[in-house]
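By convention here, the first residue in the shown sequence is residue 1. Just so it is clear, the values below take in all heavy atoms, side chains as well, and ignore hydrogens, waters and symmetry mates.
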Amino acid sequence: MNKFPDLNQRSSDLLDSIEAKSRLLNIECHSLGEARLFDFGVDCPGGLMAGLELARVCSADLARIELGQMAVGQSHFRSVSFISDHPLAACMGAQYAGWPLQVDDYFAMGSGPIRSLRGEEKILTEYSLHEKSDQGVVCLETGKIPTESVARQLAEEAGVLMKNLLVAVAPTRSIAGSIQVVARSLETCMHKLHELGFDLREVVSGIGSAPIPPVANDDLKGIGLTNDAILFGGKVDLWVRSGEDRIRQYGPQTPSSASPDYGTPFYDLFRQNNFDFYKIDPHLFSPAQVTFHSLESGNSMTFGSLDEKLLTASFGNQAFTS
């Protein structure tokens, strides 16, 4: 059973422990009216460990997230891995950035388990991922600290009191922000499969890994680099209750290379489309390589491949010799 209860409470409890060690993590905790704000990199340094903690918050603490290294062709990169035995709840119920938040001139993409309280996304209804909770935890990918009016709208739409709203923020151009985005390799794969019509309840466990990009000097370039990490270097393994015929049906369509928009560093593609996500093929957003492990047959099938040339073109001289 992939449904996991108390997503918001799990993230809230985790943020309580994060606040207790905020100085160690180089993050700052403030009040936002009656709400609580956790700054992971807007007006503070943040860092690698802060990024790992933020990724755990985004996914309701239903995954082990760790730093490592991985090979892409002859190159080696530092990497982030996301490991979960509850991939549907962790990725689609919490981590997916499915709430485009707009309040006056303030815009941010919202992720985290608060989405399960708001309940506006079809995927939440389809997989019974709605929940009721006194706590609401949202993660905003933004370079601006939200105002009290932003917090008030978040609380109202989620149906929680302001005093029970917890807001975590980090820009993509920060260390923590880039880590939490690159930790989404499994989530992007799950979402792509959902878009293709694959029943995500068949996914029992998953591991996603992707290389850590250089930290950009602005958010748009950060979006480009973090997307490239997954599009060209993301590697996902799925353990599924599916037969080989079903895997053969969906597998070839799953990697990013199946999209006609594949083959250009994301920042360049983004710029060519006037920085409008909706002009880019939505099926591009998925990892470079996906391996399905069939629990029905015991066999495994791999689709797509890691792209050393495009990854190094995007990252520059970031590889190291193992």
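With hydrogens and angles ignored, the 3.5 Å screen pairs a side-chain donor or acceptor of Thr188 with a backbone N or O of Ser185.
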**OP:** Before giving the answer on side-chain contact (heavy atoms from CB on, under 4.5 Å), spell out for Phe232 and Phe315 the whole-Å C-alpha distance, their side-chain angles and the decisive distance to 0.1 Å.
**Re:** CA-CA 11 Å; Phe232 307 140; Phe315 283 17; over 6 Å; no

Original post:
Going through the distances and angles, do His283 and Leu196 end up as a side-chain contact (heavy atoms from CB on, under 4.5 Å)?
Top reply: CA-CA 9 Å; His283 286 177; Leu196 293 173; 4.0 Å; yes

**OP:** Please assess Val137 against Leu14 for the test side-chain contact (heavy atoms from CB on, under 4.5 Å), listing each intermediate value before the final yes or no.
**Re:** CA-CA 10 Å; Val137 178; Leu14 178 56; over 6 Å; no

Original post:
Where do Asp13 and Arg10 land on the salt bridge (Lys or Arg N to Asp or Glu O under 4.0 Å) test, with the steps shown first?
Top reply: CA-CA 5 Å; Asp13 291 344; Arg10 292 179 63 84; over 6 Å; no

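Using a 4.0 Å cut-off between charged nitrogen and carboxylate oxygen, Glu53 and Arg56 count as a salt-bridge pair. A salt bridge between Asp219 and Arg173 is present, with a side-chain N of the basic residue lying under 4.0 Å from a carboxylate O of the acidic one. Between Arg36 and Asp16, at least one side-chain nitrogen of the basic residue sits less than 4.0 Å from a carboxylate oxygen of the acidic one, meeting the salt-bridge criterion.
Side-chain contact annotation: His293 with Asp237, donor-acceptor N/O pair under 3.5 Å present. Using a 3.5 Å distance cut-off with no hydrogens or angles, the side chains of Gln272 and Asp268 do not pair a donor with an acceptor. For the residue pair Gln9/Ser133, the side-chain donor-acceptor check at 3.5 Å is not satisfied. If you check the side chains of Glu141 and Thr172, you find a donor sitting under 3.5 Å from an acceptor.
Between Phe285 and His191, the distance separating the two ring centers is not shorter than 6.0 angstrom.
Aromatic ring pairs are classed by plane angle as parallel below 30°, tilted from 30° to 60° and perpendicular above 60°; the pair Phe292 and Phe303 is perpendicular.
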N/O donor to acceptor pairs below 3.5 angstrom from side-chain atoms of residues 156-163, sequence neighbours left out:
from   : atom 1 : to     : atom 2 : distance (Å)
Glu157 : OE1    : Arg118 : NE     : 3.0
Glu157 : OE2    : Gln153 : NE2    : 3.0

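Using a 4.5 Å heavy-atom cutoff, the side chains of Leu24 and Met49 are not in contact. Using a 4.5 Å heavy-atom cutoff, the side chains of Arg248 and Asp245 are in contact. Side-chain contact check for Tyr106 versus Pro146: some heavy-atom pair is nearer than 4.5 Å.
With sequence neighbours excluded, the residues forming a side chain to side chain donor-acceptor pair (under 3.5 Å) with Glu148 are Arg152, listed by chain and number.
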